[in-house]
Amino acid sequence: MNQGTHFSGQPILAQIVKLIPHAEVQRLAHRYRSDRYYKKFKTYDHVVTMLYAIFSRCTSIREVVTGMLACENRLKHANVHCIPRRSTLSDANCRRDFEVF
């Protein structure tokens, strides 16, 4: 069975992230200049982080970051390049324009 065409054996988050076109997120990030002051935590990583928070039913930033660090190996399937620290995620939530999302 080809994992590229069938979703069996992949985490749910990775399946949903595959439906989001990476090029479209990059285009919107460029249009709204949302990656301008961030070296590592790009808009695509922010989208995946927020999806993780929703699916894990996290109620705080501490839960999100701790949960992502705990399952770091499983997040590689979701193409996450940077797991943010609490302060980075908090700053990104405050400063990034909502129109990007």
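Atoms considered below: every heavy atom in the structure, side chains included; atoms not considered: hydrogens, waters and symmetry mates.
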(message) Just verifying a value: how many Å separate Asp91 CG and Arg86 CZ, rounded to the nearest 0.5 Å?
(response) 12.5 Å
(message) Looking at Tyr52, is its backbone amide N or carbonyl O close enough to the side chain of Ser56 to form a donor-acceptor pair, meaning the two atoms are under 3.5 Å apart?
(response) yes
(message) Using 0.5 Å steps for rounding, measure from the SG atom of Cys82 to the CE atom of Met68.
(response) 8.5 Å
(message) Can you tell me how far apart OG (Ser34) and NZ (Lys42) are? Round to the nearest 0.5 Å.
(response) 9.0 Å
(request) Please round to the nearest 0.5 Å and tell me the distance separating atom CD1 of Ile61 and atom CZ of Arg85. (result) 14.5 Å
(request) Anything under 30° is parallel, anything over 60° is perpendicular, the rest tilted; go ahead and classify His46 against Phe101. (result) perpendicular
(message) Using every non-hydrogen atom in the two residues, find where Ala78 and Val17 come nearest and quote the distance to one decimal.
(response) O-CG1, 3.5 Å
(message) side chain to side chain contact (heavy atoms under 4.5 Å, CB included), that's the test. Do Glu24 and Leu28 meet it? Break it down for me.
(response) CA-CA 6 Å; Glu24 183 69 19; Leu28 289 171; 4.2 Å; yes
(request) Check the hydrophobic clustering (I, L, V, M, F, W, Y; side-chain heavy atoms under 4.5 Å; chains of links allowed) and say if Ile20 and Phe55 are grouped together. (result) yes
(request) Drop me the distance from Met50's CE to Cys58's SG, to the nearest 0.5 angstrom. (result) 9.5 Å
(message) Looking at every non-hydrogen atom in both residues, tell me the closest pair between Tyr44 and Asn79 and how far apart they are.
(response) CE2-O, 3.7 Å
(message) Hydrophobic cluster membership, with links at side-chain heavy-atom distances under 4.5 Å among I/L/V/M/F/W/Y: are Leu89 and Leu69 in one?
(response) yes
(message) So, taking the atom named CZ in Arg57 and the one named CD in Glu63, what distance separates them when rounded to the nearest 0.5 Å?
(response) 12.5 Å
(request) Taking Asp35 for its side chain and Thr43 for its backbone only, find out whether a donor-acceptor pair lies under 3.5 Å. (result) yes
(request) Please test Gln26 against His22 for side-chain hydrogen bond (donor to acceptor under 3.5 Å, both in side chains), starting from the C-alpha separation and ending with a verdict. (result) CA-CA 6 Å; Gln26 286 180 335; His22 190 71; 3.2 Å; yes
(request) Determine, for Tyr38 and Arg96, whether the Lys NZ or Arg CZ falls below 6.0 Å from the six-membered ring centre while staying within 45 degrees of the axis. (result) yes
(request) Only one of Val65, Ile83, Val64 passes side-chain contact (heavy atoms from CB on, under 4.5 Å) with Thr49; say which it is. (result) Val64
(message) Quick test of your reading of the model: are Asp45 and Lys40 salt-bridged, counting only N-O distances below 4.0 Å?
(response) no
